[in-house]
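Working notes for the structure below.
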Amino acid sequence: MLYSSYFIPTVKETPSDAEIVSHQLMLRAGMIRKLAAGIYTYLPMGLRSIRKFENIVREEMNRAGAIELLMPSVQPAELWQESGRWNFYGKELLRFKDRKDGEFCMGPTHEEVITDMVRREIKSYRQMPINFYQIQTKFRDEIRPRFGLMRGREFIMKDAYSFDVDSSAADASYERMYNAYVRIFDRCGLNFRAVEADSGTIGGSFSHEFMVLADSGEDAIASCDSCRYAANVEKAESRPTQPGAAKEMLPLEKVSTPAMKTIADVAAFLNILADRTIKTLVYSSGSGDFAMALLRGDHELNEIKLKNCLGWDEIEMATEEAIMRITGSPIGFLGPLGLKEQVPVIADLAVEGMANVVMGANEKDMHFINANLGRDFPVERFADIRTVVAGDACPRCDGGKLEMWRGIEVGHVFKLGTKYSTSLNATYLDADGKEQVIFMGCYGIGIGRTVAAAIEQNHDENGIIFPLPLAPFHCSVVALNAKDAGVMAAAKEIYLKLEQQGVETLFDDRDERPGVKFKDNDLIGIPLRIVVGSKGLAEGKVEVKIRKTGEVLPLPVEEAITKIRQLVDATLVPCNT
RNA sequence: CGGGGAGUAGCGCAGUCUGGUAGCGCGCGAGUUUUGGGAACUCGAUGUCGCAGGUUCGAAUCCUGUCUCCCCGACCA
């Protein structure tokens, strides 16, 4: 490709509305332009990277036996009503009407459409296992789109759906996809972790997220420093602490703690550490149910764990009025003792071993000291409801400690079970001619987000440093002086030879000063570069420069081409497992 | 949804408090000189000052409404 006849609108200044590096660099490198909040045009360079990644995904999906198809973005309301998600999905689902007043939505995901197709076409156990995938544009009307392609409203996603005769066959499909995902992100040269995740509202029995590690990631993940355990903090389990030796119970006492509304205030006021206090929280299901949660004072509640533990669909903090009704106390002095209204009391596992604790007295400006579980207050049940922190003991191995990371969720695999096949009545006939419900799995990869995550993980002060498999071009050839016919002829020859050998090459033939060309080439992140200048040429040499390391190799022309060829081949061979 | 901020040339911004007919840098076009890390000089083009009302002799500037965009929060008891 000739730079001069291509379209790479780079910009020097960082656009003011871009917050994170990948967004800034994608704009500056001329990869994307914003049309509206969370809606982007992929310019040629951006599209090239996206296509590169799509093709890796496609190759690995095909290798894993998935079959490509393409479903519509516009979907009829009827299907969503049938699955029950038309009402459940909320404002993220962009709805509209056609000229005949028929209701439609932009597809945020395709469980309904694929299940509809499958229930019509898959009738026999002999047609399974089968797995369909597509690479397609989704629309989710996000509350707050941000960070460029990282959280857009319109975005490209690879989604796959597996269909199996039973649960164990579905497990095998899940594992095949999991392994394919590992290969995909490995091939892109990304530093990632597969972590256990909460299956959330999509439902299903278990799921894993694929997280690219980056400080700008929106998710927190915990991983063990000695075993393979890794999980999203939403899901990460805490290890039950061994109860210490039973302590002598001191007499319960009510003390005045004027205006001490937070754990930190109370602990400081009473001159104790926060881990001697109990934090009391009241939660609402949003539909009339309430529950009280008890935590060690220095711990944080994990709302998702509590929600799952209570079996609620939604969870939110109770309003001040509801709290007043249930406890008779304003916020800041809550405790499990002496409730005005009985609600379930769930205590975190760490509360179990505590003795002589400080907790709210359900009375303004008053706390109890030396409160003891069992003697002074009952607990309905104990459960793991706190958020893990760095240094916590690993739940899976002895001696391991949890480390915390930030991650960008680029892929998610779910074992769905029969949730959608039941609501949409997707069944088959087994070998005995008996009707059975199909078992499903679903598997997503954010295409644009992965490219953005790759940039987030691979850049320097000069711009993007693309991993070669995702780079828009493998190599650039920079002719230093466009007016020097000798230089131009030599550069062009190198460019043509590289192209001939299958190296995707951008020939920077522009009549620009060398500085401009170097800056642009750095910014757009082409991994390899050959610089052709009159001085070097006089000695029969050109320079091979490696973007990532900054390494410069002066080589004779033919050797330079061979070198580039070798570097490209070495990086592009699919990993073998 | 709540809170904060911003819409002025393609991009980044000043001008708004104190109303007087729109400016800077980059970019863009022409020319000359330059040519190994975002060149210098000369000349030039480019604006419904987000939109709609209102106040005024006069509005980018004041008032009202509206749209759009960005950030933060939904981590507390």
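In what follows, every chain begins at residue 1, and chains take the letters A, B, ... in the order their sequences are listed.
Comparing the P positions of B:rA59 and B:rG53 gives a spacing of 13 Å, expressed to the nearest Å. When the C1' atom is used for both B:rU46 and B:rG25, the distance is 16 Å, rounded to whole Å. Rounded to whole Å, the separation between the C1' atoms of B:rG20 and B:rG2 comes to 41 Å. Nucleotides B:rA60 and B:rA45 place their P atoms 22 Å apart, quoted to the nearest Å. The separation of B:rU68 from B:rU35, taken at their C1' atoms, amounts to 44 Å, rounded to a whole angstrom. To the nearest whole angstrom, the two C1' atoms, one in B:rU61 and one in B:rC49, are 10 Å apart. Between B:rG27 and B:rC41, the distance separating the two P atoms is 11 Å to the nearest Å. For the P atoms, the distance linking B:rG4 with B:rU42 amounts to 47 Å, nearest Å.
Ion pairing of A:Glu504 with A:Arg48 is present here, as a side-chain N (NZ or NE/NH1/NH2) and a carboxylate O approach within less than 4.0 Å. Ion pair A:Asp508/A:Arg529 not flagged as a salt bridge, since none of the NZ, NE, NH1 or NH2 atoms sits closer than 4.0 Å to an Asp/Glu carboxylate oxygen. Ion pairing of A:Arg95 with A:Glu103 is absent here, as no side-chain N (NZ or NE/NH1/NH2) approaches a carboxylate O to less than 4.0 Å.
With both pairing distances under 3.5 Å, B:rU18 is matched to nothing as a Watson-Crick or G-U wobble pair. Pairing for B:rU35 is absent, judged as Watson-Crick or G-U wobble with the two contacts each under 3.5 Å. The partner of B:rU66 is B:rG50, by the rule that a Watson-Crick or G-U pair needs both atom distances under 3.5 Å. Under the Watson-Crick or G-U wobble criterion, with both distances below 3.5 Å, B:rU61 has no partner in any strand shown. With a 3.5 Å ceiling on both atom-pair distances, the Watson-Crick or G-U wobble partner of B:rG12 is B:rC24. Base-pair partner of B:rC1: B:rG73 (Watson-Crick or G-U wobble, both distances under 3.5 Å). Remark: B:rU42 base-pairs with B:rA30. Criterion, Watson-Crick or G-U wobble with two distances under 3.5 Å.
Between the side chains of A:Asp509 and A:Ser4, at least one donor N or O lies within less than 3.5 Å of an accepting N or O.
When side chains are defined from C-beta on, A:Leu93 counts as touching A:Trp86, because their heavy atoms get closer than 4.5 Å. Looking at heavy atoms from C-beta onward, A:Arg296 lies in side-chain contact with A:Met354 at the 4.5 angstrom threshold. Inter-residue side-chain proximity for A:Lys340 and A:Asn362 is flagged as unmet; no heavy-atom pair is nearer than 4.5 Å. By the 4.5 Å heavy-atom criterion applied to side chains, A:Arg28 and A:Thr14 are counted as neighbours. Using a 4.5 Å cut-off on side-chain heavy atoms (C-beta onward), A:His474 and A:Thr505 make no contact.
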| message | How would you summarise protein contacts on nucleotides 44-52 of chain B per nucleotide, using B for base, S for sugar-phosphate only and - for none, with heavy-atom distances below 4.0 Å? | response | ---------
| B/S/- contact track for nucleotides 9-14 of chain B, protein heavy atom under 4.0 Å | --BSS-
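Distances shorter than 4.0 Å separate none of the side-chain N or O atoms of A:Lys517 from OP1 or OP2 on B:rG36. Within the 4.0 Å cut-off from OP1 or OP2 of B:rC70, at least one side-chain nitrogen or oxygen of A:Lys34 is found. The phosphate of B:rC71 has OP1 or OP2 within less than 4.0 Å of a side-chain N or O from A:Arg144.
The side chain of A:Pro514 lies closest to B:rU35 when the candidates are B:rG38, B:rU35, B:rC70. Proximity note for A:Glu303 (side chain, C-beta onward) versus B:rU35, B:rG38, B:rC75: the nearest is B:rC75. Relative to the side chain of A:Val516, the nucleotides B:rA39, B:rC70, B:rG37 differ in distance, and B:rA39 lies closest.
When rounded to the nearest whole Å, the span between CD of A:Glu461 and P of B:rG37 equals 17 Å. Atom NZ in A:Lys483 sits about 14 Å away from atom P in B:rA39, given to the nearest Å. Atoms CG (A:Asp508) and C1' (B:rU35) sit 14 Å apart, rounded to a whole Å. We find that CZ of A:Arg513 is positioned 8 Å from P of B:rG37, with the value rounded to whole Å. A straight line from CG of A:Leu27 to P of B:rC69 spans 15 Å, rounded to a whole angstrom. Rounding to whole angstrom units, CZ of residue A:Arg529 and C1' of B:rG36 are separated by 11 Å. Distance, A:Leu523 CG to B:rG27 C1': 15 Å, rounded to whole Å. The CZ atom of A:Arg28 sits 14 Å away from the P atom of B:rG27 (whole-angstrom rounding).
For the side-chain hydrogen bond (donor to acceptor under 3.5 Å, both in side chains) with A:Ser238, the qualifying choice from A:Asp384, A:Asp348, A:Asp392 is A:Asp384, the only one to do so.
Within 6.0 Å of CG on A:Asp215 lie no more than 12 heavy atoms contributed by other residues, nucleotides or ligands.
Take the nearest nucleotide of RNA chain B for A:Ile143 and for A:Ile263: the residue whose nucleotide is more 5' is A:Ile143. Mapping A:Val282 and A:Val531 onto RNA chain B by nearest heavy atom places A:Val531 at the nucleotide closer to the 5' end.
Residue A:Lys91 is classed as having no contact, given no heavy-atom separation below 4.0 Å to the nucleic acid. Counting non-hydrogen atoms under 4.0 angstrom, A:Ile323 reaches a base of the nucleic acid. When heavy atoms are screened at a 4.0 angstrom cut-off, A:Gly533 is found touching base atoms of the nucleic acid.
Within the structure, salt bridge (charged side-chain N to carboxylate O under 4.0 Å, His left out) contacts touching residues 549-563 of chain A (residues at least two apart or in different chains) are A:Lys497-A:Glu558.
Judged by atom type and distance alone, A:Asp520 reaches the base of B:rG38 through a side-chain donor-acceptor pair under 3.5 Å. Judged by atom type and distance alone, A:Lys12 does not reach the base of B:rG37 through any side-chain donor-acceptor pair under 3.5 Å. Side-chain atoms of A:Glu543 come within donor-acceptor range of the base of B:rG36, with a qualifying N/O pair under 3.5 Å. Below the 3.5 angstrom threshold, one finds a donor paired with an acceptor across the side chain of A:Asp522 and the base of B:rG37.
For the pair A:Ala471 and A:Ser49, the tightest heavy-atom approach, listed with the atom from each and the gap, is C-OG, 4.2 Å.
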